[in-house]
Amino acid sequence: MLEILSDNWLLLLVGQWPNGALGGLAATILLALVSLLFAFPVGLLLALGRISSHRICYWPATAIVYVARGLPLIMFIFWAYFFLPLVIGASINGVVTMAAALIIYEGAYLSEIIRSGIQALPKGQMEAGRSLGLSHMQTMRKIVLPQALYNTIPSILSQFISTVKETSLGFVISVHELTFAAAQVNNMLLTKPFQVFTLLALTYFTLNLILTGVVKLVENRMRGTRIVVA
């Protein structure tokens, strides 16, 4: 495996870049990061809809969350792959397709993280804001959300780790991420599939182990400063 890595490390790291599309490990991390960044506002809106007392907000948000959490990601990838070109009337590359699927899928999971963070705060936070003359939305924006989002930082970072692993499904629509790069290496070697995909598994494991350590470090730094129910 060391020989495979030494001969193909650049392909596994950045794909064909700079002579082609960015791929490999760099594309995996970038795709996960961009998808989660865009999924965050989606998750925030869904979370606010889920705790809303207005049915017009509650039921659509709840339906989206239940559908997204009840179906595998591969279904959203296929839907985005076949449906988005029909909507916009033009072909879409695999990276945009994968990002669109991840944004909706991860947005649903983030919404539950954010909703749990909001509901974990003492109820007196909202009452205190209203007693100061703030509207419901002003209280939510200035008092509740800052605390809730701060509390959920470790969980959001943990969701990033899951997103990194889920980018591997981009292989089915030829997204040039890490799994696709490993498949290219396997196609070149032909006789060493076990070694190639073991190397791929070790790469994912090492990356996620490092990210898990970062999440643990952040969580330890935040210990004692998070707002919890008394």
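Throughout, residue positions are numbered sequentially from 1 according to the sequence presented. The structure presented is a predicted model; accordingly, all values stated were derived computationally and were not measured.
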Specify the closest pair of heavy atoms between [X] and [Y], including all atoms of both residues, with the distance to one decimal.
X	Y	result
A47	S111	CB-O, 3.4 Å
A182	F197	CB-CE2, 4.5 Å
N186	P193	OD1-CA, 3.1 Å
L102	S35	CD1-OG, 3.5 Å
I113	Q159	CD1-OE1, 4.0 Å

### Query
Sequence neighbours excluded, which residues qualify as ring pair (Phe, Tyr, Trp, His ring centres under 6.0 Å) partners of W79?
F76
### Message
So, using ring pair (Phe, Tyr, Trp, His ring centres under 6.0 Å) as the criterion, who are the partners of F180 when residues are at least two apart?
### Response
H176
Rounded to the nearest 0.5 Å, how far apart are [atom1] of [X] and [atom2] of [Y]?
X	Y	atom1	atom2	value
L11	Q16	CG	CD	6.0 Å
F83	T97	CZ	OG1	13.0 Å
T203	N208	OG1	CG	10.5 Å
L217	R221	CG	CZ	6.5 Å
T28	L13	OG1	CG	10.5 Å
T179	L200	OG1	CG	4.5 Å

### Message
Tell me if the OH atom of Y204 is crowded by more than 12 foreign heavy atoms within 6.0 Å.
### Response
yes
Applying a strict under-4.5 Å side-chain criterion to I, L, V, M, F, W and Y, I'd like to know whether [X] and [Y] cluster together.
X	Y	result
W17	V95	no
V96	V42	no
F160	I103	yes

